[in-house]
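Report on the structure given below.
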Amino acid sequence: MSLAAAALLLLMALLSKSATSAKPADLVLLSARIWTADTTRAEATALAARDGRIVAVGDDAEIRALSGSKTVVVDGKGRRVVPGFIDCHTHMSMGGFGLLGVDLRHTKDPADFTRRLAEFASSRPAGVWITDGAWDHQVWKNPILPTRAMLDPATGGRPACLSRTDGHMVVCNSRALELAKVTRDTPDPPGGIIVRDPGGEPTGVLKDAAMDLIGAVRPARTLVEVEEALATAVRHAAENGVTSVQDLPGNALDLDAWEKLRGEGKLTVRVNYRPSLSDWEKARDRRRAMKNDEWLRIGGVKGYMDGSLGSSTALFFQPYADDPKTSGVYAAEAIPLSKLEGRIAAADAAGLQVEVHAIGDRANAELLDVFERVARKNGPKDRRFRIEHAQHLRADDIPRFARLEVIASMQPYHAIDDGRWAEKRIGLERCRTTYAFRSLVKSGVALAFGSDWDVAPLSPLAGIDAAVNRRTLDGRHPGGWIPEQKISVSEALTAYTSTAARAAFEEEEKGMLTADKVADFVVLSRDPLSIPKSELDTVKVEATVVGGRVVYSR
Ligand SMILES: [Zn+2]
């Protein structure tokens with residue numbers, strides 16, 4: 001290097017240093033116990049933020065020096081602070097509609113289901129569709145599927161179509177079936193099932209692709225409705241310490257509504273949106289046309305391999321233990337598999353990150369095969385294929401995730417939910433590698449966490465408790481269900497922060513509390529890293545900060 005060049009570099013360094021010290025921080029946090037997610041410096045007591053970004057992380061003396069007369073000084077009071085939680089799998093508009101609508105999640109039995117539905121329906125104008133509900137028959141002592149006979153007395157002449165909590169089936173009343181012209185003569189569509197009574201009459205339950213029969217006659221939500229749902233969901237995220245979501249389709253107007261909220265300055269959660277793989281060309285064009293910034297961007301596309309365990313549509317190599325006639329089904333878009341593979345290859349070639357829902361062991365194994373073939377065909381690059389759920393895995397397939405650099409994007413709360421009845425459905429042997437967090441981490445697989453809200457609660461703290469303790473919701477496994485698959489608190493935190501950022505190619509800007517990252521962090525009521533693990537369910541979010549701004553405080 002020439003002397004002149006060296007002098008210039010020195011001058012630039014001095015200038016940038018003086019610029020830093022000239023402009024004080026907007027916010028400093030002191031006297032906290034900061035877990036940074038940065039393995040080179042995991043602990044600190046203070047940080048400073050300016051213009052929405054972190055300028056420094058260190059001890060109180062270093063950071064105090066960066067404050068000025070207008071700096072907001074936050075006393076951490078010795079509390080644990082962690083990077084803002086990143087949820088890798090949400091359906092925010094559905095969650096918002098769920099918060100605004102009828103809640104049938106915790107009904108005791110069919111009579112209670114009908115009673116609560118009647119109460120809600122009576123508050124709705126005549127003729128309006130009654131939807132959502134998030135019901136779950138598995139919580140009933142006698143877990144029979146609901147039927148239209150349970151809906152008709154509650155809903156009167158209004159059409160009703162209520163979704164199960166996992167989104168893989170709906171139950172309709174007679175009016176809705178009539179409007180959709182679903183009768184005993186309607187054949188099951190590919191990838192879907194019309195549940196029928198012994199006499200051959202539809203019971204009202206439609207599974208997977210059969211749900212589209214109703215979609216065709218149900219009036220679409222308006223942009224104003226979707227925006228209201230998303231705004232509700234955004235507030236819920238702040239309360240739960242969620243500062244970023246990788247959001248999946250819930251409504252056709254999601255992106256329009258997200259863009260409106262961004263334009264109105266109403267986003268307090270950062271959104272990485274991932275439209276349907278089947279519409280990958282539209283996603284590619286939309287990404288080119290819209291502004292992709294730190295608040296809202298299109299990050300990739302999402303496809304489907306199979307259904308869900310609760311609906312007996314997750315695809316396995318062996319039949320279901322309690323229903324030997326079936327071993328699950330492919331999702332409609334994976335029939336034939338070559339169609340799905342062609343779309344994955346095309347989206348990957350167009351530079352879209354691809355994630356695909358796979359629950360059963362066969363769906364996961366065959367999807368890994370597809371990913372391997374596509375990577376070979378399209379050539380090496382940093383593509384970070386993702387499997388959403390990765391719920392039931394053959395032991396041999398676990399190391400393949402690491403070898404193929406496929407991210408396991410999982411939702412730990414499902415483990416303590418499904419863990420109540422999964423053994424009945426698929427037997428103990430297959431459950432040993434169900435939600436196999438420990439095996440995946442041990443094999444060096446990138447494990448990223450999310451909630452799948454509104455299928456499960458949005459709370460990352462509930463997810464961390466589930467991953468660490470694996471206590472099923474029915475209280476029957478106080479020591480943990482399949483306890484050998486538990487992981488540590490720091491591993492679970494990592495899956496909700498730095499690995500979650502990596503899972504969306506966002507590790508340069510978030511996921512850790514280090515200089516230049518966005519100033520997104522959460523103050524917790526207790527320290528999950530030091531309290532007894534059995535008390536993790538007592539930890540609460542005290543405050544949520546996004547871009548250096550307090551967006552929630554308890
Ligand atoms: Zn989902």
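Both ligands and their constituent atoms are indexed starting at 1 by order of listing.
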May I ask you to say whether Arg235 pairs ionically with Glu239, meaning some side-chain N is under 4.0 Å from a carboxylate O? no
Any Lys/Arg nitrogen of Lys510 or Asp520 sitting under 4.0 Å from an Asp/Glu carboxylate oxygen of the other? no
According to side-chain contact (heavy atoms from CB on, under 4.5 Å), who are the partners of Met410, at least two apart in sequence or on a separate chain? Ala390, Ala408, Tyr435, Phe437, Leu440, Leu447, Phe449
Do Trp453 and His236 have their ring centres less than 6.0 Å from each other? yes
Identify whether NZ of Lys or CZ of Arg in Arg221 sits under 6.0 Å from the centre of the six-membered ring of Phe97 and within 45° of that ring's axis. yes
Can you see whether Thr107 engages Trp140 through a side-chain donor-acceptor pair at a distance of less than 3.5 angstrom? yes
How about the Zn ion (ligand 1), which protein N, O or S atoms come within less than 2.8 Å? His89 NE2, His91 NE2, Asp452 OD1
